[in-house]
Every structure is written in structure tokens, then in C-alpha cells.
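One structure is given here, and the rest of the page talks about it.
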Amino acid sequence: MLEKNKIRENIKNFIVKTEENHDILNFLYNMNKSDFDKSKDTIYYSGPYWDHSEVVSIFESILTGKWLVSGEKVNKFQRQFSKIFNHKDSVMVNSGSSANLIMIEALKKYYSWKAGDEIIVSAVGFPTTTAPLIQTGLKPVFVDIDMSDLNFDIDEVEKKITNKTKGIFISPVLGNPPDMDRLNSIAEKYDVLLILDNCDSLGSKWDSKNLSDYCVTSSCSFYPAHHITTGEGGMVSSKNEDIIEIARSFVNWGRDCYCVGSANLLPRGTCKKRFSKWIPGLDFAIDHKYIFSNIGYDLKPLDLQGAIGIEQLKKISKIHKKRRINKKKIDKFFEDNIDGIRLVREGEKAETSWFGVPIICDSAETRAKLVSYLEENRIQTRMYFAGNILLHPGYKELDDASKYPNANQVLEKVFFVGCTPTYSDSMISYIEEVILNYKLSCANK
Ligand SMILES: Cc1ncc(COP(=O)(O)O)c(C=O)c1O
């Protein structure tokens, strides 16, 4: 058996050998470099921050892996992710939406929640923060947002707590956390859980702690727009290993067996009792692999996604720094030059790993004008996702959207631009130039 580094080297040589492969690898090496042409290129709001090391790791995982799906690489990625973000254990899934679904299923099972038990959630955000609550028979209880930072209004959160409330589902807006101290004391006062949708806020901190440190479980997305990417992918993490064991079962068809990685290939499993009597009352031996303790799903990632994740984790602190620097620069361009807008600052104790740069306009007209100017000049913009989720056809029966006046302003007045680490100096300068030109075009009218 060749040594791992030797294998990696061989694969690298193999990829670089022919002319054609050399060109491909060079292209991949250079795809994130700063050859931005301001006369024709687009500034995307986000995108993968990666290089040849992710590409080589994909080849390596395919050529050396024993099992194409979730195995050794995913296992290692889960362990490293848990270590870096201070979790006891994590389970990787095929998307952030799946992570939210699995997280809620696992919490519901672990805490024996009943159908109709209530979870408090912002009326504004991404649909698949709310969807799993409905899919698992829980009741989402909506709260309006605070227009200063677009996070849910914490006074409203407290007012909505009833004796059926089991948790408060936090989804920091574009990475920026709400006041975690206040939420923590509300959770303690009413004995409810804090649950974190960390899909947009990986690496954000409050009072020098990870946001997930305040929460029973957290989810994460590795879609290319997010802080780190594995193409598609997601993670559920917790300090409570029992919750992750349940989550792992839901990911793996509801299977009782918890063997992961190479343990999956052990003839008698990690427990060494694979062929014991697993079902009380049935006195013949049944394979533990085919005992189902949950009504589950199959939401497993490919092992090569784990391999990409391992490489991405090496870049996480650089990504955090670059996102913060870019946000600061872009904030200043808008602040110094554009009237009729407001920016969002991080809270006093926050160290936000920004997903994007939120811009709150004083009117729908200002937003429309600014957005179309930026888009015409090839700077991508995005809405803050669904805005008020209750305005959407799939969700409108859940509650009356008009009860949430601030949430209703989001689609009209709010948008965001990117601050991704892929921005080069020339891209940042171009963003400044476009904003200055917008200012001039307004002055000339
Ligand atoms: C806050 C939030 N939660 C969940 C998701 C879903 O993640 P995915 O796209 O990986 O399914 C997203 C997606 O962008 C998100 O922004």
C-alpha cells in the first residue's frame, strides 16, 4: 500500500502529465485570480473560494475511496468541523435545507416534542428555515423583525412564548447575530431551547464565542454562496452526541446502526454485536444495519464532498477576515456617496462573518433605482431571500402577513450585495467606481 502523500503526488502528476490536463489544471489554479476586466465581467454576489487543492482532493477521494458515498472523507470532515467550531459531534448531509430538516427531526425525537408544539421563528428569512417545522408537525410561531438589523425583534420573541414553546430558531441575518446574551437569558427564564440556523453565519462570533456555543444544535450550508462550500452540502452539529446519533439515523434511512466511515465496513460493526437480537420479542438474530429506529430519509453526501470540505476548512480564517474587510470597504462606498439608504452594523459584542452587505433603502423607489443601476453595471444584487415568508403562496395560509409590518418592508426596501473573499482589489475598485458614477448620475438629474 502506497503512503498517502505518495498517492497524492502520483495523482497530481497524473493530472498534470498531458498537455490537455495541464491546461485544465492551470485554468483551475487561476480561476479565482484577479484578471477582472471591468469593461465586461460581472461581480457575482458570491461564489466558491477554492483552488487546485480542492480539485486534487476530489480526484484523490475518487481514486482511493472505498465507498463513493459518505465514508472516510466525510467522517474526517465531520471530526475536523466539530473540532474547529467546538462541537462534540456533527453529521454531514446533502444540503443546508436537509440539515435544518434533520436537526428538527432529531430535536423532536430527543425531547419528545408533540405535534403542535411551538417554535418561534422570524417572519423573514430563507424558506427552509421554516419549512422543517411544518414538515415535522410542529407549529412555527412568527415574529416581526427589528428594522435596525433585520433580525427578529427580541421583545416580540419574549411576548410570543407560551407553555407550548419548545425553542427559539435563530437565523442571523446575512451572518450578523442578534443579541445572544438577551436570547440566552430569555431561553433560561422560560426553559426553552435556542436552535441555530447557522447557514449564513459560519464563523460569526458573539462575545468571542461561536454562535453555536449558545445553542443546543446548529445547522450549516455548503452551497457555493456560503462561507465554505462542498458544491451542495450541509452539517448538523451539537455538543450533545446523543442528538447527533439520532440525526445520523434520520440521514441514513432511519437506521439504528451508527457505524460511520471505515467502521461501516467492519464485518461485525463498531458495536461488535451486529448480528445480535436487536428487536425485543424477536428471538432470531437480525442484522443491526437493517434495524430502523426512526422513520428516516436518505440525505447522505458523496465522499468527495467531504474531501472538498476538508480543504475548505483550511481557508476558513482567511475567509472570515476577507469577508469582514470587504464588508467594511463596501459599506464605506455606500455610506459616503448614496443618500436615502441605511447600512447594518454588527452588534457591540458581535464579530460577524458577513454573508453579504445589507442595504436598507428609505423607499421602494430608491431600492429599485439603485438595484437596477448596479445590475446594469454588472454588480449582482440579491433580495434578502423570501422577505416576509407569509407573503408567499406556499406559506400564506400559516398566518396573516399583515401582522408583520416591518417584515413586509423587506421585499420593497432591502437588498444586499456580496462581500465574498473572491473579490480582488480591482473588483473592489470597480464597485467604488460604479457607486461614484451612480452619485454623479443622481446629481446631474
Ligand atoms: C439561512 C438559510 N438557511 C438554509 C438555507 C438552505 O441551504 P441549502 O441551499 O444548502 O439547502 C439557506 C440557503 O441559502 C439559508 O440562507
Side-chain angles (χ1 to χ4, degrees), residues 44-48 74 77 81 90-105 119-136 140 142-143 145 149-152 167-178 194-204 211-212 215 217-237 251 297-302 305-306 308-309 312 323 344 352-358 380-389 392 394-395 407 410 414-420:
Y44 296 104
Y45 88 97
S46 200
V74 165
F77 179 42
F81 185 91
S90 300
V91 59
M92 189 182 181
V93 290
N94 62 357
S95 74
S97 302
S98 300
N100 278 341
L101 175 61
I102 290 303
M103 175 165 78
I104 298 299
E105 285 280 22
I119 304 289
I120 294 177
V121 66
S122 177
V124 171
F126 201 80
T128 50
T129 309
T130 300
L133 303 174
I134 299 146
Q135 287 154 343
T136 55
F142 296 100
V143 279
I145 57 165
D149 66 356
L150 308 171
N151 278 307
F152 55 19
I168 301 169
F169 206 168
I170 307 165
S171 184
V173 172
L174 296 175
N176 191 35
L194 295 182
I195 308 161
L196 179 64
D197 177 335
N198 208 19
C199 290
D200 297 345
S201 40
L202 185 69
S204 289
L211 306 185
S212 48
C215 301
T217 50
S218 61
S219 64
C220 201
S221 166
F222 305 130
Y223 185 72
H226 295 254
H227 293 68
I228 61 172
T229 185
T230 59
E232 292 280 6
M235 194 78 94
V236 184
S237 305
V251 175
Y297 308 87
D298 177 6
L299 301 173
K300 295 188 294 300
L302 295 177
Q305 290 170 278
I308 304 171
Q312 287 274 284
R323 283 186 174 270
V344 176
T352 301
S353 209
W354 292 94
F355 183 93
V357 181
Q380 275 194 336
T381 62
R382 283 290 183 272
M383 314 289 296
Y384 181 54
F385 307 138
N388 184 350
I389 190 73
H392 293 259
Y395 291 79
V410 171
V414 177
F415 72 97
F416 72 95
V417 294
C419 56
T420 145

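Ligands are counted one by one from 1 in listed order, and the atoms in each one are counted from 1 as well. The structure displayed is predicted, hence computed values, not measured ones.
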TODO: Would you check if the side chain of N198 reaches a backbone N or O of C220 as a donor-acceptor pair within less than 3.5 Å?
DONE: no
Open item on the list: Quick one, I104 and L133 - any side-chain contact, counting heavy atoms below 4.5 Å?
Closed with: yes
TODO: May I ask whether S171 places a heavy atom under 4.0 Å from ligand 1?
DONE: yes
Open item on the list: Would D197 count as being in polar contact with ligand 1, using the rule that some N or O on each side must be under 3.5 angstrom apart?
Closed with: yes
Open item on the list: Checking a contact table here: which protein heavy atom is nearest atom 6 (C) of ligand 1, and how many Å away?
Closed with: S97 OG, 3.3 Å
Open item on the list: Quick check: G96 and ligand 1, any N/O pair under 3.5 Å apart?
Closed with: yes
Task: Per-atom contacts of ligand 1 with S221, taking only distances under 4.0 Å to non-hydrogen atoms - done: 7 (O), 8 (P), 10 (O)
- [ ] Name the closest protein heavy atom to atom 5 (C) of ligand 1, giving the residue it belongs to and the distance to 0.1 Å.
- [x] F126 CD2, 3.4 Å
TODO: Using distance alone, determine whether H226 and ligand 1 share an N or O pair under 3.5 Å.
DONE: yes
- [ ] Under 4.0 Å from a heavy atom of T129: give me the atoms of ligand 1 that qualify, with their elements.
- [x] 3 (N)
- [ ] Look at atom 4 (C) of ligand 1 and say which protein heavy atom is nearest, naming residue and atom and giving the distance to 0.1 Å.
- [x] C199 SG, 3.5 Å
- [ ] Answer yes or no: does atom OH of Y44 have more than 12 heavy-atom neighbours from other residues, nucleotides or ligands under 6.0 Å?
- [x] no
Task: Close-contact set for ligand 1 against S95 heavy atoms, below 4.0 Å - done: 10 (O), 11 (O)
Open item on the list: Under the criterion ring pair (Phe, Tyr, Trp, His ring centres under 6.0 Å), I'd like the reasoning laid out for F77 against F222: C-alpha separation, chi angles, the key distance, then a yes or no.
Closed with: CA-CA 12 Å; F77 179 42; F222 305 130; 5.4 Å; yes
Task: Top protein contact for atom 1 (C) of ligand 1, by heavy-atom distance - done: D200 OD2, 3.3 Å
Task: Value rounded to 0.5 Å, distance of OG1 in T217 from CD1 in I102 - done: 12.0 Å
- [ ] May I ask whether F385 places a heavy atom under 4.0 Å from ligand 1?
- [x] yes
TODO: Could you tell me the separation between the NE2 atom of H227 and the CZ atom of F355, rounded to the nearest 0.5 Å?
DONE: 7.5 Å
Open item on the list: Strictly distance-based, threshold 3.5 Å: is any side-chain N or O of Y223 a donor or acceptor partner for the main-chain N or O of C199?
Closed with: no
TODO: Check the side chains of T128 and N100 for a donor-acceptor pair under 3.5 angstrom, ignoring hydrogens and angles.
DONE: no
